[in-house]
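None of these values were measured; they are calculated from a predicted model. Quick note on labels: first sequence line is chain A, next is B, and so on, each numbered from 1.
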2 protein chains.
Amino acid sequence: MYISDRVRPSCTECPIRHRAVCARCDEDELAILDNIKSYKSFKAGEPILWRGDELTYLASIVSGVGSLGKTMEDGRIQMVGLLFPSDFIGHPGRAQIEFDVVAVTDVTLCCFKRKPFEDLVASTPHVAQRLLEMALDELDAARDWMVLLGRKTAREKIATFIEMLIRRQSLSDPSSEALKVVLPLTREEIASFLGLTLETVSRQLGAMKKEGILHFSDRRQFEVADFDALHIATGDDADGGPLF
Amino acid sequence: MYISDRVRPSCTECPIRHRAVCARCDEDELAILDNIKSYKSFKAGEPILWRGDELTYLASIVSGVGSLGKTMEDGRIQMVGLLFPSDFIGHPGRAQIEFDVVAVTDVTLCCFKRKPFEDLVASTPHVAQRLLEMALDELDAARDWMVLLGRKTAREKIATFIEMLIRRQSLSDPSSEALKVVLPLTREEIASFLGLTLETVSRQLGAMKKEGILHFSDRRQFEVADFDALHIATGDDADGGPLF
DNA sequence: CGCCGGTTTGACATACTTCAAGAGAAGTGG
DNA sequence: CCACTTCTCTTGAAGTATGTCAAACCGGCG
């Protein structure tokens, strides 16, 4: 689906209506949001925000995939999160952003002016509660990713990454076949998400292909041929299944 | 300061009154909290909660240091956070906890029964707002730690860890000298926080001692003799100072 | 066609882990 | 107060997963 820069679709038809910050809003609250929102689009590869930027807008991802990351002074990069449709960008109550936000694919945002949005958060419990819920979910996800970064092997990282992709892709597009995976990221971007180098990512994907776990139809597209093997490779449970 | 299990000090004299989840509460709200709170103490090393445990209480750390971590099925451990006085344990709106919580030193908690606390969150914006603020701060901290886990060298990890300790220790005890550091964790615990092995931690601390950056008075206690060198060692800015 | 970004593959380097032994502290019980 | 055990920590030697460097490949596009 493509949404132009100018069009500002009504919230009631919004594809992320039921999962974004506005999920719990009633009609009146949506009307307020409608007044302070605007759509913005970015081409794949374009920066959306740099660390330290003034946050004049907060935003929800409507479509596409973005990344959240940090660059060290000597150039090392660590991605700290992927942003899928319905994910939120920016901290209400904070004037600046602490991370770089980049459009990985073409991205469309639903932007809210910061000040009026913060007033809304302060005055309507619905938005504040939803925001808290989302923040706590992200916190759990971030901590799980810390386990991956700190303790998992390259192979486990790749397998976990693929499982995560499947989960999120089927969440934002329930029509997609579960086992057909399209990588939205380059090898280098995957590497910076997993705390690896692009060469290691390439080798591990190659190995899983050779072992018949993944069937590539394209360098960016594959099918999971052996889901159990993939899951075992994540290291998430030693015996390959929930302990009933 | 020691607070016994039975005593339930008034909120007005609470040492974490102005930083904890109750920071923004007025008298009436404190009165409600007073009714649903109870103190609990744990000895160093005792588990406070295991992953998957029913969350009948939510809590604030009053004194001591706790850890938040995850254990993989094969025994690998990754600590995902340290809990200092005023830090909060548990997600309102979630019946179970996703991580293991352990008392690193002797710990005293101020526990709130979950159900009434959640009602309070739903009804009073003060608590909800403070909770959101704290969650967002923790989210930023978790993401910064992801950079450490994914990209930093062993030496940079140790240096960053020490700087973080100094910051948090002086925050929760402003009387403490900034450069006197007491390690609340064993080498093994430090390792599991930094995604390293205890041997590597020991060697890196040894190296910094030999280089004169740290002066140990005890295996768990040292002074930072060369703060600049420590900061440069973190890798956080290549030239050793903010780029003003 | 020839360039170009993304990717693969190989050979080599190394930071960190693993395995192993021993030295200090700290607690316990006689 | 002294053996005795038990942790915690240090130090060394050897192994390995992953990083680094470099070359070649591939598909797309002007």
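Closest to the Thr197(A) side chain, of the nucleotides dG19(D), dC9(D), dG6(C), is dG19(D). Out of dT8(C), dT10(D), dT18(D), the shortest distance to the side chain of Ser202(A) is found at dT8(C).
In this structure, NZ of Lys157(B) is placed 12 Å from C1' of dT17(C), rounded to the nearest angstrom. dA20(C) atom P lies 15 Å from atom CG of Leu198(B), rounded to whole Å. For the pair Leu183(B) CG and dT10(D) C1', the interatomic distance rounds to 15 Å; values are reported in whole Å. Atoms CD (Glu188(B)) and P (dT10(D)) sit 13 Å apart, rounded to a whole Å. Put simply, CZ on Phe216(B) is 14 Å from C1' on dT8(D), counting in whole angstrom units. Rounded to whole angstrom, the span from the NZ atom of Lys209(A) across to the P atom of dT7(C) amounts to 13 Å. The CD-C1' distance, from Gln204(A) to dT7(C), rounds to 16 Å in whole Å. Taking atom CD of residue Glu199(A) and atom P of nucleotide dA11(C), one finds them 15 Å apart after rounding to whole Å.
Screening Gln78(A), Arg76(A), Glu98(A) for a side-chain contact (heavy atoms from CB on, under 4.5 Å) with Lys70(A), the sole residue that qualifies is Glu98(A). Each of Ile213(A), Ile166(A), Ile232(A) was evaluated against Phe227(A); a single residue qualifies, Ile166(A), per the side-chain contact (heavy atoms from CB on, under 4.5 Å) test. Of the residues listed (Lys152(A), Arg155(A), His231(A)), the one engaging Thr160(A) in a side chain to side chain donor-acceptor pair (under 3.5 Å) is Lys152(A), and it is the only one.
Residue Arg155(A) is classed as having no contact, given no heavy-atom separation below 4.0 Å to the nucleic acid. Among the heavy atoms of the strands lying under 4.0 Å from Arg187(A) are primed sugar atoms or P, OP1, OP2 only; no base atom is included. Residue-level contact check: Gly45(A) touches neither bases nor backbone, having no heavy atom under 4.0 Å from any strand.
Within the structure, every side-chain polar atom (N or O) of Arg220(B) is placed at least 4.0 Å from both OP1 and OP2 of dA25(C). Note on Thr200(A): a side-chain N or O is less than 4.0 Å away from OP1 or OP2 of dG19(D).
A donor and an acceptor atom sit less than 3.5 Å apart, one in the side chain of Arg203(A) and one in the base of dT20(D).
Using a distance-only test at 3.5 Å, with no hydrogens or angles considered, no donor-acceptor pair links the side chain of Gln169(A) to the main chain of Val181(A).
Toward the 5′ end of DNA chain C lies the nearest nucleotide of Thr186(A), the other residue of the pair Arg151(A) and Thr186(A) mapping further downstream. Nearer the 5' end of DNA chain D, as judged by each residue's closest nucleotide, is the contact made by Leu196(A), out of Arg219(A) and Leu196(A).
Cation-pi geometry between Lys209(A) and Phe222(A) is not met: the NZ or CZ atom fails to fall both under 6.0 Å from the ring centre and inside 45° of the normal.
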